[in-house]
Amino acid sequence: MGCFGNVLWFIFGGLISGLSWCLAGCLWCVTIVGIPIGMQCFKFASLSFFPFGKEVQYGGGAGSLILNVLWLIFSGLPLALEHLAFGLVLCVTVVGIPFGMQHFKLAKLALMPFGAEVY
């Protein structure tokens with residue numbers, strides 16, 4: 001389902017969710033202090049464009065916790081709610097369940113992006 005799923009994903013919603021991550025990255029990159037956070041957004045935008053076949057592992061320490069709290073306050077909640085809403089709508093149909101599960105994976109990532117690695 002990897003390649004075919006990614007193509008369908010990109011056409012039917014992946015473009016919108018990836019652009020949301022890019023917008024958040026651009027807004028964070030306006031300030032010099034926010035550039036590392038913006039770069040993390042761009043990294044996860046690529047995951048949001050093509051999520052099938054990729055896994056996210058969470059880890060990190062105190063620095064990741066502080067950045068995750070700042071991220072949650074300023075950008076994480078709108079992105080997580082967007083992915084949650086898309087995921088719920090897609091899970092209504094049997095065909096949309098794999099796509100909804102990818103949105104739920106991205107919603108969790110939108111809440112805690114720092115300390116996460118994509119494999």
Which heavy atom in Ile97 sits nearest to a heavy atom in Cys91, and how many Å separate them?
-> CG1-O, 4.0 Å

Is Phe99 reachable from Phe4 through a run of hydrophobic residues whose side-chain heavy atoms are each under 4.5 Å from the next?
-> yes

Nearest-0.5 Å distance that lies between atom CG in Leu90 and atom CE in Met101 = 12.0 Å

Contacts of Trp21 meeting side chain to side chain donor-acceptor pair (under 3.5 Å) (sequence neighbours excluded), chain-then-number -> His83

With Phe10, which residues qualify under ring-ring contact (aromatic ring centres under 6.0 Å, His included), at least two apart?
-> Phe49, Phe50

If you look at every heavy atom in Trp9 and Ser17, which pair is closest and at what distance?
-> CZ2-OG, 4.1 Å

Are more than 12 heavy atoms from other residues, nucleotides or ligands located less than 6.0 Å from atom CD1 of Ile73?
-> yes

Determine whether more than 12 heavy atoms belonging to other residues, nucleotides or ligands lie under 6.0 Å from atom CZ of Phe12.
-> no

Starting at OG of Ser48, measure out to CD of Gln102 and round the result to the nearest 0.5 Å.
-> 10.0 Å

Of all the heavy-atom pairs spanning Leu111 and Gly76, show the shortest one and how long it is.
-> CD2-O, 4.4 Å

Check the pair Leu106 / Phe44 against side chain to side chain contact (heavy atoms under 4.5 Å, CB included), numbers first and verdict last.
-> CA-CA 9 Å; Leu106 291 168; Phe44 291 131; over 6 Å; no

Applying side chain to side chain donor-acceptor pair (under 3.5 Å), name anything that partners Ser20, two or more places apart in sequence or on another chain.
-> Glu82

Trp28 to Phe74 - nearest heavy-atom pair and separation = CZ2-CB, 3.7 Å

Decide yes or no on side chain to side chain contact (heavy atoms under 4.5 Å, CB included) for Leu84 and Phe104, but give the supporting numbers first.
-> CA-CA 6 Å; Leu84 183 65; Phe104 294 145; 3.8 Å; yes

Name the orientation class of the two ring planes belonging to Phe86 and His103 (parallel below 30°, tilted from 30 to 60°, perpendicular beyond 60°).
-> tilted

Do Phe42 and Leu19 share a hydrophobic cluster (ILVMFWY, side-chain heavy atoms under 4.5 Å, transitive)?
-> no

Heavy atoms, side chains only, cut-off 4.5 Å: are Phe114 and Pro36 in contact?
-> no

Here the pair of heavy atoms bringing Val56 nearest to Ala116 is CG1-CB, 3.9 Å

Establish whether Leu8 and Leu15 are linked, either directly or via other cluster members, by ILVMFWY side-chain heavy-atom contacts under 4.5 Å.
-> no

Compare all side-chain heavy atoms of Trp71 with those of Leu79 and state whether any distance is below 4.5 angstrom.
-> yes

Please report the shortest heavy-atom distance between Gly18 and Ala45, naming the atom on each side.
-> O-CB, 3.8 Å

Side chain of Lys105, backbone of Pro51: donor and acceptor closer than 3.5 Å?
-> yes

Answer yes if Tyr58 and Ile37 sit in the same cluster of Ile, Leu, Val, Met, Phe, Trp and Tyr residues linked by side chain heavy atoms under 4.5 Å apart, and no otherwise.
-> yes

If we only count heavy atoms from C-beta on, is the Phe52 to Cys3 side-chain gap below 4.5 Å?
-> no

